Each structure stands twice: as C-alpha cells, then as structure tokens.
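What follows is a short report on a single structure.
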Amino acid sequence: MSGEAAVGGGGGEANGVQPNVTIYINNLNEKTKLEELKKSLNAVFSQFGKILEVLAFKTLKHKGQAWVVFEDVASATEALKRMQDFPFYDKPMKIQYAKTKSDVVAKADGTFVPRERRKRTDEKPEKKQKREQHHDVSQGTLGMNAYPGAYGAPPLSQLPFGGGPKVMMPEIIVPNNILFVQNLPHDTTPMMLQMLFCQYQGFKEARMIEAKPGIAFVEYGDEGQATAAMSALQNFKISKDNLMLITYAKK
DNA sequence: AGCACA
C-alpha cells in the first residue's frame, strides 16, 4: 500500500542524508528569474515555519536549485514531506535535506569558519550596520489603507452617512466567491499567488491589476471555498514586510 | 543532473 515514491533520486533520509534545518531543492524551473524564484519559495515555504534564508544561484552548476534555511528541523521536515513534488512553475520540486550546515546557521552556532574564497588578508573590518528594519512599514499595515469592508471598525470618515453621528454603522460583510487581496509586494506575480491559493479547494484563478500593484483578485468555485482559503491565508506573510490582507471582493 | 553561502 505504501507506494514508495522512488522518484529517481528525490529522496531524503533514504538517501543517506540526515535531517537538516536546510532543505535542498532541485528540478526548479531554470527560466525563473532569481529574485522571483526566491520570493516565491519564501511565499510557499514560510507556512512551515520561520525561514532564515533562501539561497539560489544562477551559475551553470547551480541553476535549477535552491536552499531554504528554516529555523528548526521540524519545519524543514514538514516542508520536505508536504511539498515534495509540488508543482512549482510547472515543474515538480524535488526536495532533500541539505548535505551540510548553512553558513547562516553556523554563524548562529558559533561554528562558522570562513572558507577560502578570496584571501582578504585577515579579518575584514566589516561594518555592523544593524539596520534592523522592524516594522518600517509606514503604510503597509492594516492601518490607513485598510479596505473599508475589512474586519474591524471602518474609519469614521468612511461611514455611509456623510457627516452623521458617531454611531458606528457596521459594514455588512457580504461573502463572495471572489477574494480581494491587498498589501502584496509590488513585484508579486500571478504565478506566486496561484501557488499559494491553489492549495485550497475550489481555486479557479488569481488575477492582478496591472494598473494597481499590490492588489489581486482570487476566484473560487463558491463562497465556502473562498472563505476557507481566506481564513487559511489571512495575514499570510508573503514577504518580510508584507502581510496579505484578504477580504471578499465587492459584488 | 547538478549541495552553496557572490
């Protein structure tokens, strides 16, 4: 019964490679541009846990491959199992544990030893520009730009009765099989959205509006399916600085 | 196919 997915080399622990916080992915579509590839990988894998880094290179020897570094092995394992053969840019991903420890992990470990790459004499006076960009989002959060029909109280200025009393007229949320997605990074592609939303039943299509970056419409077969996808992906961290905000599209 | 840290 247990069909052994002997996917010709796409193994993992069966390969003699032991679990690692980093997963190694190959069979990636080599046409995808690096930056987009990394963002999409981040989008698709961050559901399994905190991602420390996504690495991919375009050198001949390394194209079609990427490394995703998780914070813990459990996340990596879950990602490996759940996303094995996941159709990504039209090709099923092949995932294994990485063979060696990632630098970012070794650095946290204290076990990092710089490999010989370029003799930069001794230590390089590397500046610690701790530019921790916390919540630098000056307009990205669910604040001012929030969709009027979103959860929570709408701004007083947008009450239906212009200059009326301070009575909060709750906006009625009308379910719709089409979702309205906001706060996307401006370089989000329909493909990235498709990969996220197609995980939920009834997915039909994701469309973006050329003229308006940052928003998208995602259509499902019915309202129930749309609702399930909405709650699953609400506030999904699609990038370091972007939480997706999802509401029903207006009818 | 291909396991790196630009």
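The figures here come from the full heavy-atom set of this structure, side chains too, leaving out hydrogens, waters and symmetry mates. In what follows, chains are A, B, ... by sequence order, proteins preceding strands, each numbered from 1. These numbers were taken from a predicted model, which means no experiment stands behind them.
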*Comparing E30(A) and K101(A) on DNA chain B - which has the more 5′ nearest nucleotide*: E30(A)
*Would you mind reading off the distance between L28(A) atom CG and dC3(B) atom C1', rounded to a whole angstrom?*
13 Å
*Would a hydrophobic clustering, with Ile, Leu, Val, Met, Phe, Trp and Tyr connected at side-chain separations under 4.5 Å, put V17(A) with M83(A)?*
yes
*In whole angstrom, give the distance that lies between atom NZ of K99(A) and atom P of dC5(B).*
15 Å
*Would you mind checking if K58(A) and E30(A) are paired as a salt bridge, meaning a charged N to carboxylate O distance below 4.0 Å?*
no
*Side-chain heavy atoms under 4.5 angstrom apart, residues restricted to Ile, Leu, Val, Met, Phe, Trp, Tyr: same cluster for L55(A) and I51(A)?*
no
*Using whole Å, report how far NZ of K38(A) lies from P of dC5(B).*
12 Å
*So, are K38(A) and E36(A) salt-bridged, with charged N and O less than 4.0 Å apart?*
no
_Nucleotide dC5(B), atom C1' - distance to CD1 of I23(A) in whole Å_ = 16 Å
*Over how many whole Å does the gap from D103(A) atom CG to dC3(B) atom P extend?*
17 Å
*Which of residues 55-67 of chain A sit near DNA chain B, with a heavy atom under 4.0 Å from it?*
L55(A), F57(A), L60(A), K61(A), H62(A), K63(A), Q65(A), W67(A)
*Touch check for L34(A), heavy atoms < 4.0 angstrom, all strands: base, sugar-phosphate only, or nothing?*
base
*Can we say K107(A) and E53(A) salt-bridge, meaning some charged N sits less than 4.0 Å from an Asp/Glu carboxylate O?*
no
*Roughly how far, to the nearest 0.5 Å, is OG1 of T188(A) from CG of N183(A)?*
9.5 Å
*How long is the line joining CG of L80(A) and P of dC3(B), in whole Å?*
16 Å
*Classify the side chain of T22(A) and the base of dA4(B) as holding, or not holding, a donor-acceptor pair under 3.5 Å.*
no
*Could you state the CG-C1' distance from N27(A) to dC3(B), rounded to the nearest angstrom?*
15 Å
